[in-house]
Visitor: 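For reference, the structure I am asking about is given below.
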Amino acid sequence: MDIVITGGTSGIGYRIAKDLIAEGHQVIIIGQDAEKGRASVAQLGKAAFFIQADLATKSGRNQALASIKYKVDKIHVLVHTAGVFPSSTEENIKANLVPHYQLTMGLADRLTGGRVLIVTGDPQIIQQLSICEEQETTLQRARWLLTHKALLTLFLSYLLAEKEITVNSFFPGNVTDELPHYSQTLLHTEVPVGKYLALHPDLTQSTGNFLIMIATWCYSMLGNTTMIMPKSICYSI
């Protein structure tokens, strides 16, 4: 399988890339820092490929799209882990939301029958938030991003349904591994839920959902069925 991971040079994206490569898959990681990208590929091995691009810019997204399409004809999974801790409204929109939408739609022709996964916050918190349009403070920008990622997940799942592309958001749990300063209090360095959501056949038809990692098991409510999944739990948005 060919898998694309934005923000795959460190943190959550890197850990997911490592797990997927260990399962025998080819992974393209996208990042802005060339030195970090080369170092990541050196550690991940021959099944990893790095594309340098600033996804917060239109030219960077176009560059990434062209490079991915040149490299692979079919994408089985697209995982969005890239993002920044925004200091302004503009940065929040350009770096944390627009790339998810435009990269996904730009690769839709290569993703037919595939999966899109978007890293987000704890769904139990998000479900308690009302949609926020103000972004004057750090808290408001965080609230805006969480609620709008939920809306984006639903919107993309609707737009891509005809191509049988599933779109889900997931909370990777408490993870720390070269994460931004605001996440350094988190507890773990593994993201097993990422590999599971990317590969497990039971999730082939699941779309427009939140998925969250818990300590031992996941109870996923999909339609009228209940499945037990290791280390994650699914909520319908």
Side-chain angles (χ1 to χ4, degrees), residues 1-8 12-13 16-30 47-49 51 53 55 61-62 64-82 97-120 149-172 191-212 218 220-230 232-237:
M1 293 175 63
D2 288 305
I3 298 166
V4 176
I5 302 177
T6 69
I12 293 167
I16 295 174
K18 184 177 180 180
D19 287 343
L20 292 169
I21 288 172
E23 294 291 321
H25 303 290
Q26 177 174 282
V27 176
I28 297 172
I29 58 176
I30 305 173
F49 302 88
I51 294 174
L55 297 180
R61 292 190 293 274
N62 288 339
L65 287 170
S67 298
I68 294 168
K69 291 181 178 181
Y70 177 80
K71 182 67 181 174
V72 294
D73 294 324
K74 169 68 177 177
I75 301 168
H76 298 87
V77 186
L78 170 61
V79 187
H80 289 293
T81 73
L97 202 69
V98 170
H100 295 355
Y101 173 78
Q102 293 196 347
L103 211 63
T104 299
M105 296 304 295
L107 294 173
D109 61 329
R110 308 293 171 98
L111 271 165
T112 300
R115 303 180 185 187
V116 177
L117 299 170
I118 302 173
V119 168
T120 187
K149 275 193 174 185
L151 294 174
L152 179 64
T153 299
L154 284 173
F155 186 48
L156 286 173
S157 68
Y158 171 77
L159 290 178
L160 299 175
E162 289 188 359
K163 292 183 176 291
E164 298 183 341
I165 301 170
T166 64
V167 184
N168 295 293
S169 296
F170 74 100
F171 178 52
V191 194
V193 69
K195 177 182 72 174
Y196 185 84
L197 300 180
L199 303 178
H200 203 284
D202 285 346
L203 295 175
T204 302
Q205 302 300 320
S206 172
T207 192
N209 290 318
F210 272 125
L211 301 113
I212 180 172
C218 165
S220 177
M221 303 302 296
L222 303 177
N224 295 321
T225 63
T226 300
M227 297 179 295
I228 299 178
M229 305 180 197
S232 58
I233 187 168
C234 170
Y235 292 88
S236 294
I237 296 177

Visitor: Just by modelled atom types, is the Asn168 backbone N or O under 3.5 Å from a matching donor or acceptor in the Asn209 side chain?
Guide: no
Visitor: Mind checking whether Met105 and Leu156 have side chains closer than 4.5 Å, heavy atoms only?
Guide: yes
Visitor: Which pair of non-hydrogen atoms, one from Thr81 and one from Gly8, has the smallest distance, and what is that distance?
Guide: OG1-N, 4.3 Å
Visitor: Return the NZ to NE2 distance between Lys149 and His100, rounded to the nearest 0.5 Å.
Guide: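 Taking NZ in Lys149 and NE2 in His100, the distance rounds to 4.0 Å.
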Visitor: Would you check, one step at a time, whether the test side-chain contact (heavy atoms from CB on, under 4.5 Å) holds for Arg115 with Thr207?
Guide: CA-CA 9 Å; Arg115 303 180 185 187; Thr207 192; over 6 Å; no
Visitor: Would the distance check show the side chain of Thr204 and the main-chain N or O of Pro201 forming a donor-acceptor pair, the cut-off being under 3.5 Å?
Guide: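 Checking the backbone N and O of Pro201 against the side chain of Thr204, a donor-acceptor pair under 3.5 Å is found.
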Visitor: What's the spacing between Leu20 CG and Ile3 CD1 if we round to 0.5 Å?
Guide: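 CD1 of Ile3 is found 4.0 Å from CG of Leu20.
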Visitor: Rounded to the nearest 0.5 Å, what separation is found between the OG1 atom of Thr6 and the CG atom of Leu78?
Guide: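 One finds 6.5 Å between OG1 of Thr6 and CG of Leu78.
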Visitor: Begin from the C-alpha positions of His25 and Val77 and carry the test side-chain contact (heavy atoms from CB on, under 4.5 Å) through to its verdict.
Guide: CA-CA 11 Å; His25 303 290; Val77 186; over 6 Å; no
Visitor: Compare every heavy atom of Ile165 with every heavy atom of Gly113, then report the nearest pair and how far apart it is.
Guide: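 Here Gly113 and Ile165 meet closest at N-CG1, 4.0 Å.
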Visitor: Ignoring hydrogens and geometry, is there a side-chain-to-backbone donor-acceptor pair from Asp19 to Gly194 under 3.5 Å?
Guide: no
Visitor: Report yes if the side chains of Leu160 and Leu111 come closer than 4.5 Å at any heavy-atom pair, otherwise no.
Guide: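 A side-chain contact under 4.5 Å is absent here.
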Visitor: Looking only at heavy atoms, which two atoms of Ile30 and Ala64 are closest? And how far apart?
Guide: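 So the two residues come closest at CD1-CB, 4.4 Å.
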Visitor: Report yes if the side chains of Phe210 and Thr153 come closer than 4.5 Å at any heavy-atom pair, otherwise no.
Guide: no
Visitor: Please list, chain by chain and in numerical order, all residues satisfying side-chain hydrogen bond (donor to acceptor under 3.5 Å, both in side chains) with Glu164, sequence neighbours excluded.
Guide: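 In terms of side-chain hydrogen bond (donor to acceptor under 3.5 Å, both in side chains), with neighbours along the sequence ignored, Glu164 is linked to no residue.
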Visitor: In the structure I gave you, are the side-chain heavy atoms of Gln102 and Leu65 within less than 4.5 Å of one another anywhere?
Guide: no
Visitor: How many angstroms lie between CG in Leu159 and CG in Leu154, if you round to the nearest 0.5 Å?
Guide: 11.0 Å
Visitor: Once side-chain hydrogen bond (donor to acceptor under 3.5 Å, both in side chains) is applied, do any residues pair with Arg110, and if so which ones, sequence neighbours excluded?
Guide: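 Partners of Arg110 under the side-chain hydrogen bond (donor to acceptor under 3.5 Å, both in side chains) test: none.
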Visitor: For a side-chain contact (heavy atoms from CB on, under 4.5 Å) with His80, tell me which candidate from Val119, Val4, Thr104 qualifies.
Guide: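 Running side-chain contact (heavy atoms from CB on, under 4.5 Å) over Val119, Val4, Thr104 with His80 returns exactly one hit, Thr104.
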Visitor: Show the nearest heavy-atom pair for residues Thr120 and Phe171, with the distance to one decimal.
Guide: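 Closest approach of Thr120 to Phe171, heavy atoms only: O-CD1, 3.5 Å.
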Visitor: Looking at every non-hydrogen atom in both residues, tell me the closest pair between Gly7 and Ala82 and how far apart they are.
Guide: N-CB, 3.6 Å
Visitor: Who pairs with Val72 by side-chain contact (heavy atoms from CB on, under 4.5 Å), at least two apart in sequence or on another chain?
Guide: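 Applying side-chain contact (heavy atoms from CB on, under 4.5 Å) to Val72 gives Asp2, Gln26, Ile28, Ile68, Ile75.
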Visitor: Start with the C-alpha distance between Leu199 and Met1, add both sets of side-chain angles, then the distance that settles side-chain contact (heavy atoms from CB on, under 4.5 Å), and finish with yes or no.
Guide: CA-CA 9 Å; Leu199 303 178; Met1 293 175 63; 3.8 Å; yes
Visitor: State the CG-CG distance between Asp202 and Leu197, to the nearest 0.5 angstrom.
Guide: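 Here the rounded value is 11.5 Å.
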Visitor: If you look at every heavy atom in Ala17 and Ile29, which pair is closest and at what distance?
Guide: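 What the structure gives for the nearest pair is CB-CG2, 4.1 Å.
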Visitor: Rounded at 0.5 Å granularity, tell me how far CD1 in Ile21 sits from CD1 in Ile16.
Guide: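 The CD1 atom of Ile21 sits 12.0 Å away from the CD1 atom of Ile16.
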